[in-house]
Amino acid sequence: QVQLVESGGGLVQAGGSLRLSCAASRAIFSFNAMAWYRQAPGKPREFVATLSRAGTTHYADSVKGRFTISSDNAVNTVYLQMNSLEPEDTSVYYCKTTYLSREYWGQGTQVTVSS
């Protein structure tokens with residue numbers, strides 16, 4: 001099966017930056033796409049960004065221009081570079097992929113942005 005482990009979350013002030021990492025137990029090219037989602041307290045989970053095997057990226061309107069998704073196949077890791085962070089970005093961030101028609105999620109990493 002597939003295991004995903006997120007890291008890199010923490011506390012940052014508004015306007016600051018963080019880079020989240022998602023380490024996968026299989027090569028990134030095994031997956032059609034990798035994605036990041038987030039869930040704030042009391043709110044539903046929402047899509048953040050996705051990176052396809054072909055290199056196509058897509059971002060939620062709320063993060064477009066501020067966040068960048070990328071991967072490093074050598075270490076089976078996908079990243080989410082988050083710049084110009086806002087308090088509204090405060091959430092638990094989850095890495096997600098689909099492999100052999102099954103959906104896999106990481107345990108999440110907390111990102112808190114202070115105003």
Original post:
Is the backbone N or O of F29 less than 3.5 Å from a side-chain atom of R53, with the two atoms forming a donor-acceptor pair by type?
Top reply: yes
Group every Ile, Leu, Val, Met, Phe, Trp and Tyr by side-chain heavy-atom contacts under 4.5 Å, then state whether [X] and [Y] land in the same group.
X	Y	result
L20	I28	yes
L18	V63	yes
V111	W36	yes
F67	I69	yes
M34	Y37	no

To the nearest 0.5 Å, what is the distance between [atom1] ([X]) and [atom2] ([Y])?
X	Y	atom1	atom2	value
R102	Y104	CZ	OH	4.0 Å
S91	R45	OG	CZ	12.5 Å
T68	M82	OG1	CE	11.0 Å
L51	T97	CG	OG1	10.0 Å
S71	L80	OG	CG	12.5 Å
C95	Y79	SG	OH	12.0 Å

Subject >> Heavy atoms of other groups near Q3 CD, more than 12 under 6.0 Å >> reply: no
Original post:
Would you say E86 has more than 12 foreign heavy atoms packed within less than 6.0 Å of its CD?
Top reply: yes
**OP:** Assess whether side chain to side chain contact (heavy atoms under 4.5 Å, CB included) is satisfied between S7 and T109, documenting all intermediate values.
**Re:** CA-CA 6 Å; S7 62; T109 185; 5.6 Å; no
Heavy-atom check, side chain of [X] versus side chain of [Y], under 4.5 Å:
X	Y	value
R38	D89	yes
R26	N76	no
Y59	R66	no

Subject >> Residue pair V92 / G108: nearest heavy atoms and the distance that separates them >> reply: CG1-CA, 3.8 Å
**OP:** Could you pull out the closest heavy-atom pair between P87 and A14, with the gap in Å?
**Re:** CD-CB, 4.2 Å
**OP:** Step by step, work out the side chain to side chain contact (heavy atoms under 4.5 Å, CB included) result for E6 and Y93.
**Re:** CA-CA 8 Å; E6 302 97 333; Y93 284 73; over 6 Å; no
**OP:** For Y99, enumerate each residue passing the ring pair (Phe, Tyr, Trp, His ring centres under 6.0 Å) test, keeping only those at least two apart in sequence or located in another chain.
**Re:** F31
